[in-house]
Structures are given as C-alpha cells and as structure tokens.
Amino acid sequence: MVQSQTDIATPAEIEAICARFDDDPHRMLDILQEVQTRFRCVSPEVMEVVASATGLTRVAVDAVVSFYSFLSDAPKGRVTIRLCDDIVDRFSGLDAVIAAFEAELGIKVGQTSGDGAFSLEVTACIGMCDQAPAAMINDVVLTSLTAERVRDLVTQLKEGVDPGLLIGSRYYEKPPQDRIRDAVRNNIRRAGAVLLGPVPADSGLKKALQMRPEQVIDIIEDSGLRGCGGAGFPAGKKLRHATQNDSTRRFVFCNADEGEPGTFKDRVLLTERAHLMVEGMTVAARAIGAEEGLIYLRGEYTYMRDHILAVLDDRRARGLLGRNIMGMEGSHFDVRLQMGAGSYVCGEAGALISSCEGLPGEPKGRLPLPTERGYLGLPTVVNNVETFCHIARVMDRGAEWFRGMGTDTSPGTKLFSVSGDCLNPGIYELEYGLTLAELLDMAGAPEAAAVMVGGPSGTIIGREHFGRRLVFGDLPTGGAVMIFGPHRNILEIVDYYMGFFVHESCGYCTPCRVGNVFLHKAVQKIRAGQGKQADLDYIREYSATIMETSRCGLGQTSPNPILSTLKNFPLLYSAMLKGGGDRTQPTFDIQDAIEEARSIAQRRSYIFDRDFTQ
Amino acid sequence: MSTDRKARIATVSLAGCFGCHMAILDMDERLIDLMARVEFDRSPLNDLKRFTGRCDIGIVEGGCCNEENVHTLQEFRRNCDVLVALGQCAIMGGLPAMRNAIMHSDDPLRDCLDEAYLSSPYTRNLTNTVPNDPVLPLLLDRVYPCSEVVEIDLQIPGCAPSGDIIHDTLIALLDGKFRGFERTELRFD
Ligand SMILES: Cc1cc2nc3c(=O)[nH]c(=O)nc-3n(C[C@H](O)[C@H](O)[C@H](O)COP(=O)(O)O)c2cc1C
Ligand code: SF4
Ligand code: SF4
C-alpha cells in the first residue's frame with residue numbers, strides 16, 4: 001500500500017487531536033473518527049499514542065477500532081466507496097453496479113487500489129431503500145445508481161473531482177439543508193397531521209416552558225404516545241421513570257441510528273423536521289430536568305452532519321438552546337452531536353450509550369434501565385427521532401388531539417418507510433390502525449406476495465395476513481415495510497438477513513454470536529436442497545435458545561426471519577427438504593472430500609470412482 | 001426388540017485408537033450376562049469382516065479420515081437399525097481431527113502429509129516420499145465426525161467412555177428404556 005507523505009500521522013498530530021477532545025477517553029469514538037478521516041486508518045502505532053494520551057491501554061483502543069466497521073487499522077483509499085448491499089439493493093440491480101465499479105476501478109469489493117486512491121466495500125442498509133441501489137462515497141450519498149452512471153462517476157472521481165460535486169457542481173456553495181435534499185430525495189407520499197403536515201415552530205416548547213415539569217410528563221403520558229424506535233415503550237412513563245431518583249445530572253439522548261434494514265423515516269425527519277426533533281428533546285429535558293442532550297447520528301448519515309450542526313447553531317443563536325432558553329431563567333439545555341461509525345447494534349439504547357462513552361458498542365445488561373443508570377451511570381432518556389418530534393407536537397396540540405388519531409393502544413400517527421416491489425416507495429405518515437392491505441394499496445403493490453414488517457427483527461408475512469393491522473399488539477413496526485413480489489425467492493431474503501445478524505452481533509453472548517452462525521448455515525443448507533426435516537427441528541430448538549438467553553434485542557429477535565417464514569410459508573420449506581431414505585447426510589460429498597487426496601496421489605479412488613480403463 | 005431372539009450387534013473402529021473397543025471389554029464380567037442377550041455380527045472382537053445379516057445396533061468408534069472409513073460407515077448405516085457413535089473421535093472427530101487445524105493453507109492435506117512424512121524433525125523416512133501404495137485409501141480433505149457423514153442415533157461420550165456407561169446404555173437400549181444420560185455419567189476423567 002503506497003501512502004503519500006501527508007497521510008502518515010505524526011505523534012504530535014495525533015496528540016493534538018486527542019487534546020481537542022480534552023484527552024477524554026469518553027470521546028474515544030470522536031478521536032478515532034477524526035484520525036480515520038484525516039489519515040484513513042488508525043494504525044497500531046497511532047493506537048499507542050491515543051492510548052497514552054487518554055490514559056487507556058492500547059488493547060482498549062484497539063477494541064474500539066475493531067468494533068466499528070468505519071474504523072480500520074489498515075489504510076483505506078482516499079476515496080472509499082461503500083455500496084449498500086441490502087436485499088432491496090440486490091433486487092434493484094446491485095450486481096451490475098458492483099460489476100461496473102469493479103471494472104472501472106480495477107479492484108474487487110473489499111480491496112484498496114495499489115495507489116491508495118480507492119477502496120471498494122459493501123455495507124448493510126444505509127437507509128436509502130426507497131432509492132436503491134445506493135452508495136456512500138466518503139461521506140456523500142448517491143442513490144438510484146446504474147452501471148452507466150457508475151462509469152461516469154468513476155471517470156470524474158479519477159480526475160480528482162470531489163465526491164460532493166458529483167451531486168451538483170454548486171454543491172458546496174449551497175447551505176447544508178439544500179445539499180442533503182439535492183443528494184437524497186425525501187419521497188414523502190403522505191403527509192399526516194402530526195409530523196409532516198404544517199408544523200408551527202417551537203410552540204410546543206413555549207408551552208412546556210410555561211408548565212411545571214410534572215405537568216409536561218402528565219400530558220405526554222396522557223397522550224398515550226409510544227416510542228417509535230420499534231419497541232413502543234410509553235414515552236411518558238420513560239420520562240417519569242427518569243425523574244424517580246435524586247440525581248442532579250440527567251441526559252436526553254436522541255437515537256438517530258436508524259439501523260433496522262428498511263427503515264428510513266428518521267432520515268426524512270432529520271432532513272425536514274430537525275428543528276422539531278430538537279424542540280422535542282428540549283421539552284423532554286424540561287420534563288426531567290436535564291441540561292445535557294446528545295444526538296447519536298449513524299455514520300451512514302454523515303452527509304447530514306453539517307445540517308444538524310447548523311440547526312443546533314441556529315437554535316443556540318436564537319436562544320432555543322443554551323442558557324435560559326426562551327428567556328426562562330434557570331432553563332438550560334444544550335445538545336451535542338455524536339457520530340456513529342457503522343454498527344447496527346449501536347441503535348440499541350444500551351449499546352448506544354456504551355458507544356457515546358467511548359467504548360465498543362456493546363449493549364449493557366438488561367437492568368438497571370438507562371433511565372436509572374445510563375450515560376456515565378446517570379439517568380438517561382433515550383428516544384427515537386420520531387418520538388421526540390411527536391413529543392413536541394403533543395405539547396403544542398395537547399393529549400386529547402393526539403389520542404383522537406390512531407387506536408386506543410396505539411394513538412397518533414406513525415411514519416412508515418415503504419420499499420421494495422411497489423410503485424411508490426417512500427414515506428407515509430398515517431394513523432395507527434390501518435391494515436397492511438390498505439398501505440400496500442397506497443404504495444401500489446397489488447402483486448405483493450410477502451411483506452417484511454418491522455425489518456428483519458420483525459416478521460415476514462404472506463397474503464393471508466395482509467388484513468392485519470399496523471398497530472402494537474398485531475403488526476408492530478419501527479417503520480419498515482418491505483414489499484416482495486411473487487418473483488422473489490423468500491429463502492434468499494432469509495439467508496441474507498441471517499447473514500446480516502451474524503455480521504452485526506456484537507459477540508458478547510455466545511448464543512447470539514455462535515447460534516446465529518448455525519442458523520445461517522442451516523438456512524443455506526436448506527436453500528441448497530440439502531436440508532432435512534431434522535434441520536427444521538434443529539432450527540427451532542436453536543432459535544429458542546438464542547432468543548431466551550441473549551442479552552439484547554438483537555439476539556432476542558435475530559431468528560425471526562427464519563421463524564416467521566417457517567410459520568407463514570411452510571410449503572416453501574417442505575418443498576426444499578430432502579426425503580433422505582438412506583439416512584446419509586446430503587451435505588457430505590465424498591467427491592469433494594477426496595478431491596485433494598486424488599490430486600496428490602494422482603490416481604482414482606478404488607472405492608468411489610468408476611474404472612474407465614476396462 | 002423382541003426377547004425371543006438375541007439382538008445383533010456390529011462394531012467397527014474407523015479413525016480411532018481402539019481405546020473405545022478396549023472400553024467395551026471394560027464391562028468385565030457383565031459381558032457374560034450381556035452375551036446371553038446379544039450376539040456379535042461384524043466386529044473386530046470376533047474378526048468378522050462382513051455383515052452376515054441386518055443388525056439391531058451398530059457401534060462405531062472413530063470418525064472418518066479416509067474414503068474407506070466413509071464406505072464402512074455407510075455400510076453400517078445401511079445394515080443397522082440404531083447407529084451409535086462411541087467416544088469423542090466418533091462424535092467430534094477427536095484426536096485425529098487435530099489435522100483439521102491446518103486451515104490457513106491452500107493445500108492443507110499436502111502440508112499435513114509433508115509434515116508427517118518429510119519435513120518434521122522427528123521423521124526418519126529413508127525413501128523421502130509420501131506413501132502412495134494403491135492399497136492405501138485416499139485421505140479425506142479433513143476428518144469428519146460420523147454425524148456429518150450419516151445420521152447417528154445415539155452418541156456415548158467419553159475418551160474412552162467408561163465400561164459402565166457403555167454397559168448401561170446398551171442394556172437400556174435393549175430394554176427399550178434409553179432416555180438419555182444422567183449428568184453425573186458425563187465425565188471425561
Ligand atoms: C439491535 C437493536 C437496534 C436498534 N436500533 C434502533 C435504532 O436504530 N433507532 C431507534 O430509535 N431505536 C433502535 N432500537 C431500539 C432502542 O433500543 C430503544 O428502544 C429506542 O431507541 C427507544 O426509543 P423509543 O422509545 O422512542 O422508541 C434498537 C434496538 C435493538 C435491540
Ligand atoms: S444479544 Fe447479540 S448483539 Fe445483543 S449483547 Fe448479546 S451478542 Fe451482543
Ligand atoms: S475416543 Fe478416545 S479412546 Fe475412543 S478412539 Fe478416540 S482417542 Fe481412542
């Protein structure tokens with residue numbers, strides 16, 4: 001690997017970066033991201049320097065570097081291309097796009113060019129399923145790629161064109177908010193009354209500041225608002241729980257990690273409703289008496305970083321963040337932006353907190369809850385982007401207004417991110433309680449044969465279930481609705497997502513780390529036509545163990561793609577199973593097993609090969 | 001299994017050390033009682049080389065390291081109702097499977113043979129070639145546990161399993177009462 005002189009980090013430069021973060025080990029992720037961006041890797045020598053500056057061991061630094069897929073100990077290309085390799089991209093011509101990149105760059109996926117100019121990689125869902133295939137080129141996101149476009153892009157990149165300018169020649173002259181809209185389409189198909197319709201600025205916050213904190217919590221509790229990140233925990237209850245301690249320091253964290261494949265609604269909210277989101281955070285801070293907040297933005301959304309920073313700056317300038325908010329004496333709150341670095345599990349609340357603490361993004365134990373002991377061991381409320389937006393709106397319009405929409409147990413509206421085989425992929429803000437069939441109708445998917453609701457950790461259902469309702473208790477979803485037409489191979493989808501979970505498991509729990517590998521292999525075996533009835537029993541048994549003994553939601557849900565398809569598409573599996581009357585293992589292939597020995601011995605097998613000499 | 005005829009048992013040692021067969025003999029005087037209920041078909045214990053008929057129980061020691069092992073194991077599967085893997089080699093590959101650890105090589109089998117016959121400092125091999133007599137079965141790319149080659153009905157753990165566990169398992173099988181092992185029976189010392 002050739003490195004140009006400027007790429008090699010001197011200890012002084014590294015120390016300067018650490019000093020900018022006060023040599024604080026809790027800011028490890030920021031430090032390492034900065035090093036990675038500047039020097040394109042965090043080499044073992046650099047780890048030593050970072051370790052001694054922050055007072056940690058090199059091994060501890062290494063553990064962080066090796067955890068995040070956007071950090072690397074070997075140098076990456078000056079231009080790093082990450083192709084989104086989700087199943088939707090694969091179904092939308094990703095193969096041709098990859099082939100075009102490989103041909104034009106002369107490197108394969110996973111490689112860096114000899115001159116250090118380019119790296120080509122694949123990555124899990126980057127939140128662009130409605131405009132697949134998509135890719136990140138350094139921080140810039142490009143969508144709806146075709147082989148033809150790739151050839152043009154690479155030509156420009158080789159001429160030294162900055163990735164941003166691939167989106168438009170005046171990219172950098174525009175304000176951040178326009179840049180991100182140029183790069184990625186919103187595809188808003190339905191705007192509802194709560195979030196995507198007209199929203200008056202900061203009127204929820206104004207009302208909250210005039211109330212006592214308990215009143216704020218009462219209203220949110222009364223609204224019945226449930227968390228939008230997937231689990232649907234009552235938002236008011238979470239806030240209340242965070243106040244039930246005598247800590248003097250509390251935190252409000254916004255989860256903008258949006259990692260569940262097929263989910264991209266937070267992307268649109270961050271683009272269009274970033275102020276509303278921060279307003280909601282500020283309301284929550286008021287409710288629990290927090291002065292510090294944090295937005296955890298997934299690394300894949302780095303293209304929105306400047307936009308979010310601009311929003312925060314703007315709010316500070318207008319007295320909506322900082323000291324004495326809206327002139328309210330003693331009402332202080334400010335928000336820091338924390339960038340993620342390519343890890344799905346970091347969307348899990350505990351892992352998110354670990355990540356913000358500068359640790360590898362491993363989930364915490366199930367108890368205590370973050371509201372009791374969260375960031376730095378202090379009470380922390382973690383909510384999804386959409387939840388905070390809702391909180392601001394509920395404060396403005398009141399609990400009753402909110403409860404007037406949706407159903408009793410799932411009040412209000414929800415953003416659905418619809419992708420896959422349909423005419424109108426994009427964002428639909430709809431009241432809770434509609435049936436999946438109604439949503440499919442709007443999306444233009446009369447042919448839909450299978451739908452994955454709630455991402456791979458949710459459930460995959462067939463036509464006979466399309467009458468079910470999109471509500472908690474029936475078909476819950478953090479937003480993802482992925483549609484598959486009758487021409488798709490469902491086992492391929494299951495295979496892909498089991499591989500996804502294998503890759504994203506943080507490795508802490510053996511059942512999740514190892515068990516998912518076994519499940520993935522079992523699916524591949526069945527796909528190859530080598531499965532037997534006994535494999536299905538094995539899958540069920542293993543799944544039960546993984547779900548029961550895993551520490552966080554990843555392991556607790558990772559068998560779902562298999563289990564839900566086993567349940568809903570049983571014929572698919574039985575068609576693939578082998579009869580196996582002779583009780584031998586179809587996976588064992590004697591010809592494969594003796595191939596090597598045959599070539600060493602230079603003769604046929606006297607047992608298994610026919611003698612053609614006679 | 002009906003009681004009016006003796007149950008038929010076959011045994012074989014594949015890639016094992018014969019320790020498991022020795023362990024069968026560790027049943028000691030209980031063998032005499034056992035023989036009242038069973039008769040041995042193909043087995044190294046009586047030197048019968050072929051099946052004379054269908055067997056109720058087949059006992060396999062050792063995993064598969066070469067094509068002959070595979071062939072024999074498949075014959076056992078065809079000829080036995082209940083196939084028992086006896087000992088760690090049969091269950092997991094055991095000691096012979098240490099060669100499976102040669103993974104980071106483009107040609108692991110050749111490396112293994114080179115190490116065994118040519119390059120190891122402890123090797124004294126005057127011909128300086130890897131044996132390649134036509135009577136030698138071809139080695140498999142790696143050592144396979146029996147369950148990867150055919151379906152195995154029952155595994156008796158241990159290296160070697162104790163005479164007690166073998167005896168108790170066989171008796172339970174013959175009585176149709178085998179319900180798995182007690183935790184206390186699963187020990188490896
Ligand atoms: C593996 C895993 C990944 C998650 N990813 C996200 C995510 O990307 N965004 C999110 O808001 N919640 C995610 N969650 C849920 C969070 O743990 C947490 O429940 C949520 O942020 C709470 O906010 P809410 O109550 O507003 O939904 C994830 C959970 C798990 C187990
Ligand atoms: S369940 Fe999986 S992802 Fe979650 S903590 Fe355990 S190993 Fe990590
Ligand atoms: S299990 Fe132990 S005793 Fe039995 S064959 Fe293998 S090494 Fe020998």
Side-chain angles (χ1 to χ4, degrees), chain A residues 74 108 110 510 514 517-526 528-542 544-545 577-614, chain B residues 15 58 60 63-83 85 93 99-100 102-103 105-118 129-154:
Chain A
K108 296 265 167 220
T510 310
V514 181
V517 174
F518 289 158
L519 288 185
H520 188 211
K521 284 192 174 158
V523 171
Q524 292 182 322
K525 185 174 163 187
I526 292 169
Q530 297 174 333
K532 293 179 302 182
Q533 187 59 37
D535 290 306
L536 300 188
D537 303 335
Y538 169 91
I539 284 176
R540 291 201 179 88
E541 210 173 295
Y542 250 91
T545 306
L577 294 187
K578 237 188 129 135
D582 61 354
R583 303 199 64 193
T584 57
Q585 302 288 20
T587 39
F588 179 79
D589 182 344
I590 183 68
Q591 293 297 332
D592 271 0
I594 56 175
E595 179 56 35
E596 208 175 332
R598 220 170 5 207
S599 83
I600 294 173
Q602 312 225 342
R603 63 173 172 84
R604 69 180 175 93
S605 155
Y606 297 124
I607 302 177
F608 291 102
D609 292 333
R610 279 176 57 195
D611 182 0
F612 290 105
T613 58
Q614 291 165 359
Chain B
V60 184
C64 292
C65 76
N66 64 35
E67 55 174 347
E68 193 179 43
N69 295 155
V70 171
H71 185 66
T72 310
L73 184 58
Q74 288 171 342
E75 263 190 288
F76 263 69
R77 182 67 277 180
R78 263 198 305 280
N79 286 289
C80 303
D81 290 343
V82 176
L83 200 54
R99 81 162 154 103
N100 296 0
I102 311 171
M103 288 181 294
S105 157
D106 294 335
D107 207 345
L109 185 59
R110 191 183 293 273
D111 284 1
C112 175
L113 290 169
D114 284 356
E115 177 76 13
Y117 292 102
L118 309 176
T129 54
V130 173
N132 188 13
D133 191 280
V135 303
L136 293 174
L138 295 175
L139 293 182
L140 304 182
D141 55 343
R142 60 185 177 87
V143 176
Y144 292 79
C146 292
S147 61
E148 283 191 26
V149 178
V150 301
E151 285 180 25
I152 294 292
D153 301 299
L154 175 64

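The structure displayed is predicted, hence computed values, not measured ones. Order of the sequence lines fixes the chain letters, A, B, ..., with proteins taken first and strands second; residue numbering starts at 1 for each chain. Heavy-atom basis, side chains included; hydrogens, waters and symmetry copies ignored.
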Q | Residues A:Arg598, B:Asp141: salt bridge by 4.0 Å N-O rule | A | no
Is the ring pair A:Tyr542/A:Phe518 parallel, tilted or perpendicular, if the boundaries are 30 and 60 degrees? perpendicular
Closer than 3.5 angstrom, by distance alone: can the side chain of A:Gln585 be matched with the main-chain N or O of B:Ser147 as a donor-acceptor pair?
yes
Can A:Leu536 and A:Leu577 be said to form a side-chain contact (heavy atoms from CB on, under 4.5 Å), step by step? CA-CA 9 Å; A:Leu536 300 188; A:Leu577 294 187; 3.7 Å; yes
Heaviest contributor of heavy-atom pairs below 4.5 Å to chain A, chosen from B:Leu109, B:Val70, B:Leu139, is B:Leu109
Heaviest contributor of heavy-atom pairs below 4.5 Å to chain A, chosen from B:Pro134, B:Cys64, B:Pro137, is B:Pro134
Under 4.5 Å to a heavy atom of chain A? For B:Glu67 that would be both
ask   = With no hydrogens and no angle check, is any side-chain donor or acceptor of B:Arg77 less than 3.5 Å from a backbone partner on B:Val150?
value = no
Under 4.5 Å to a heavy atom of chain B? For A:Ile607 that would be both
Counting heavy-atom pairs under 4.5 Å with chain A, the top scorer among B:Leu83, B:Asn66, B:Leu73, B:Leu136 is B:Leu136
